[in-house]
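Scroll down for the structure; my scribbles are underneath it.
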Amino acid sequence: MQQFTDSIRAALARHTGLAAEELKIESPRDASMGDLAFPCFVLAKALKQAPPKIAAELAAKLSAELEGIEAVATGPYVNFRIERALLGSTIVGDVLRQGADYGASALGAGKTVVIDLSSPNIGKPMSVGHLRSTVIGAAIQRILDAQGYRTVGINHIGDWGIQFGKLVAAVDRWGDTVDVEGDTVRALLELYVRFHDEAEQDPTLEEQAARNFQELERGEEGHVRESWRRLTELTLAEFQKIYDRLHVGFDQIRGEAYYEPYLGPTIERIEAAGVTEMSEGAEIVDLGEDMPPCLLRKSDGTTLYATRDLAAVFHRWEQFEFERCLYVVGSDQKLHFRQLKAVLARMGLAWEPRVEHVAFGMMRLPEGKMSSRKGRVVFLEDVLDTARDEALKIIREKNPELANAEAIAEQVGVGAVVFNDLKRERIKDIEFVWSEVVSFEGDTGPYAQYTHARLASIGRKAREAGEGAGAPDWTALEGADGVLLALGRFPDVLRSAGEHAEPSEVTSWVLGLCREVNGWYTNHRVLGQEPGVTAARLALVEAARLTIGRALGLLGVAAPEEM
RNA sequence: GCGCCCGUAGCUCAGUUGGAUAGAGUGCUUGCCUCCGAAGCAAGAGGUCACAGGUUCGAAUCCUGUCGGGCGCACCA
């Protein structure tokens, strides 16, 4: 596809005197008008002519010199129509030649992108809210990987803070009433809630918690640290089961505790930049009128979240000299990241713009905001299980002979949940509605998986029948324009999705491709045609299957051959 | 109160970074399984792009204001 836009751009540049990069080539609103379009408004001022006149003149000149591309003026637009057989052979050829690499590029060669994703808290359950950071971050990482970036996915575990003093105190008192070893997360949640309930009557609890955390901060290798370490390990092991189901891995798993030794030097570094001051007994960086100051050290001398994040970002810069450092964190923390960046800016660090908060909308329940304290949460594990069970039910009904039904139900169910989370623009809030999450029809992951399975099935049948050999007759792809153009757009979609850190660009594109493919093959039979016709259509089927599978893979959704 | 984000079909969302007659899914009403998998396809109805101004050849898109919703606002993370 790129070759067509390139040659059109080059020809336009020759005739208009504008630089090729300035010429915006877009798609016509109505596909019947052409494959590509150039609006002539930009030239009107310079040439002092009406856009329709410019379009007519350009069309005449370009038609003559572009091989295989017809240029027609429609009002103020020049519309380009690529010769059908050429379009088909070029795009299908590109896809099949590049195979699983189609859409990949070397855009990011030699550049590193650090991605902070998932980042659950020890002692709290992984809710459907954490799902967002995990699947959005992982999709962004895969999309950037495909463009040649070196990516470093970091799971920044919340394993520090006063709540661990509370947790250790609670386990010490009531640990034997719950199953900490076997069902860690639920047990710790129960203890945490109990701690807060009983602390209202018993002030010694808060005192104990504070002593515990102080011991932890001192770095003392005693009972508290031992207990903290054990709870962390048990929780992480439980989280790992979910990461396995989501097929998400990390290059680094680091708790906030990792940065403890760096906190002192971090504060010294900020002090050395001359931007710190004391205010109400706390050490702060003043950030002007626009936002509250950033607190580095509380009046009792201990550090805060922001201090640890600053330590982490310095550490990451020194380790990687990243091109971008992406924080896939909910939009409720926007102010925090604005402050973080403002501190870096005040320090005069040139790399500050490379730090980006990739914010995403909040997951809300119909009855209100989620709250683990009020028991108003949906556990991710339950969601995945329910979706898997629902998928299995449908498989038993629609495809009872399917081998490995359980394994495929897992792929479909988890795929539905993941895809649903990546479907809309990430900044938008989501209301969690069960019926939407376990829906497998329309704009859903299973719809894309189904399309993939159908295409795979046609390919299988062709191999069994020994069809598809011989020279393709590319004119047999008439009516497949929508599929071809969608396939041709894929590399651009990936680039844009990476640039914007926006996986939804890939989901909505792949749904569009699937819609085109489904429409096409219900009207154009592949098998049992003239050999040239079957060969061409089969090649398109294979190209579409590969690309859909590839796109789903980047999103973290499995693409089964049968379902 | 202040700041940031969101507002497009009954509902959930796209809308090619300012371009042509605003599109999907879902729900509703229909039609299609002797024909490569009906988790599918096709058709119909459904819109003052929250509202009011402004910027220009052109605005759902940019600016200002209003309304509605979400999130946040120094010693939690």
Side-chain angles (χ1 to χ4, degrees), chain A residues 24-30 33 37 39 41-42 44-45 50-51 74-77 79 119 121 124 158 160-163 256 279-284 290-300 302-306 308-309 330-336 338-339 359 361-362 364 369 391 394-395 397-399 412 416 423-425 427-431 433 435-436 439-444 446-451 453-462 465 467 489 492-493 496 500 504-505 508-509 511-512 514-515 518-528 537-538 541 562-563:
Chain A
K24 207 173 98 190
I25 305 291
E26 49 192 48
S27 308
R29 180 158 296 289
D30 187 340
M33 294 190 285
F41 305 98
V42 281
K45 264 197 186 128
T74 315
Y77 292 83
N79 287 321
S119 309
N121 295 317
K124 286 191 186 162
W160 207 248
I162 183 69
Q163 73 268 28
E256 291 179 84
S279 170
E280 297 171 32
E283 184 166 13
I284 66 162
D290 295 346
M291 55 188 121
C294 177
L295 267 82
L296 299 177
R297 213 191 274 280
K298 297 196 281 189
S299 43
D300 69 0
T302 57
T303 60
L304 293 106
Y305 178 47
R308 295 191 279 276
D309 253 2
S331 62
D332 54 345
Q333 292 192 42
K334 271 191 139 168
L335 178 59
H336 168 71
R338 273 182 62 218
Q339 289 177 303
M362 299 288 95
R364 254 175 307 104
K369 201 180 173 183
I394 295 174
I395 288 171
E397 176 192 320
K398 299 190 187 233
N399 197 358
V412 173
K423 200 160 73 173
R424 50 219 122 204
E425 231 184 330
I427 195 64
K428 294 209 156 107
D429 288 349
I430 299 185
E431 189 176 85
V433 180
S435 63
E436 280 175 24
S439 159
F440 300 156
E441 286 167 24
D443 282 352
T444 64
Y447 171 75
Q449 292 175 315
Y450 177 76
T451 308
R454 289 282 306 269
L455 295 171
S457 166
I458 294 173
R460 266 195 314 273
K461 290 203 158 63
E467 290 195 57
R489 232 179 290 126
D492 268 347
V493 170
S496 174
H500 300 142
S504 72
E505 293 184 21
S508 51
W509 168 83
L511 286 172
C514 289
R515 217 174 296 125
N518 274 306
W520 173 72
Y521 70 49
T522 47
N523 292 317
H524 301 271
R525 208 180 154 74
V526 176
L527 302 178
R537 291 183 179 167
L538 205 52
V541 163
E562 291 179 81
M563 63 188 270

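Keep in mind that the numbers below use all heavy atoms, side chains included, and drop hydrogens, waters and symmetry copies. Letters A, B, ... mirror the listed sequences (proteins, then strands); counts begin at 1.
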Taking [atom1] from [X] and [atom2] from [N], how many angstroms apart are they, rounded to a whole number?
X      : N     : atom1 : atom2 : result
A:R460 : B:C36 : CZ    : P     : 14 Å
A:L511 : B:G15 : CG    : P     : 13 Å
A:E431 : B:C11 : CD    : P     : 12 Å
A:D443 : B:G15 : CG    : P     : 13 Å
A:R454 : B:C36 : CZ    : P     : 8 Å
A:K423 : B:A24 : NZ    : P     : 16 Å
A:M362 : B:C6  : CE    : P     : 14 Å
A:E425 : B:G15 : CD    : P     : 6 Å

task = Between A:L527 and A:E26, name the one whose nearest nucleotide on RNA chain B is closer to the 5' end.
result =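 Looking at the nearest nucleotide for each, A:E26 comes out on the 5' side.
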query = Between A:K398 and A:G75, which has a closest nucleotide on RNA chain B that is more 5'?
reply =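 Of the two residues, A:G75 wins.
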Look through every strand shown and name the nucleotide pairing with [N] as Watson-Crick or G-U wobble, where both distances are under 3.5 Å.
N     : result
B:A24 : B:U12
B:C62 : B:G54
B:A42 : B:U30
B:G7  : B:C67

How is [X] classified with respect to the nucleic acid when contacts are heavy atoms under 4.0 Å: base, sugar-phosphate, or nothing?
X      : value
A:R489 : nothing
A:L295 : base
A:Y447 : sugar-phosphate
A:Q333 : base

ask   = OP1, OP2 of B:G37 versus side-chain N and O of A:S457: anything below 4.0 Å?
value =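 So the side chain of A:S457 is within the cut-off, an N or O lying under 4.0 Å from OP1 or OP2 of B:G37.
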key: Syn/anti state for B:A45 [syn: chi within 90° of 0]   =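 Anti for B:A45; the angle lies over 90° from 0.
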query = Under the rule syn = chi within 90° of 0, otherwise anti, which is B:C33?
reply =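 Base orientation: syn.
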request  = Output yes when a side-chain donor or acceptor of A:S508 lies under 3.5 Å from a complementary backbone atom of A:S504, and no otherwise.
outcome  =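 Yes.
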query = Below 4.5 Å, heavy atoms only, C-beta onward: do A:K24 and A:V42 meet side chain to side chain?
reply =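 Answer no - side chains too far apart.
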query = Are the side chains of A:L511 and A:Y447 in touch, meaning some heavy atoms are under 4.5 Å apart?
reply =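 Contact flag for A:L511/A:Y447 side chains = yes.
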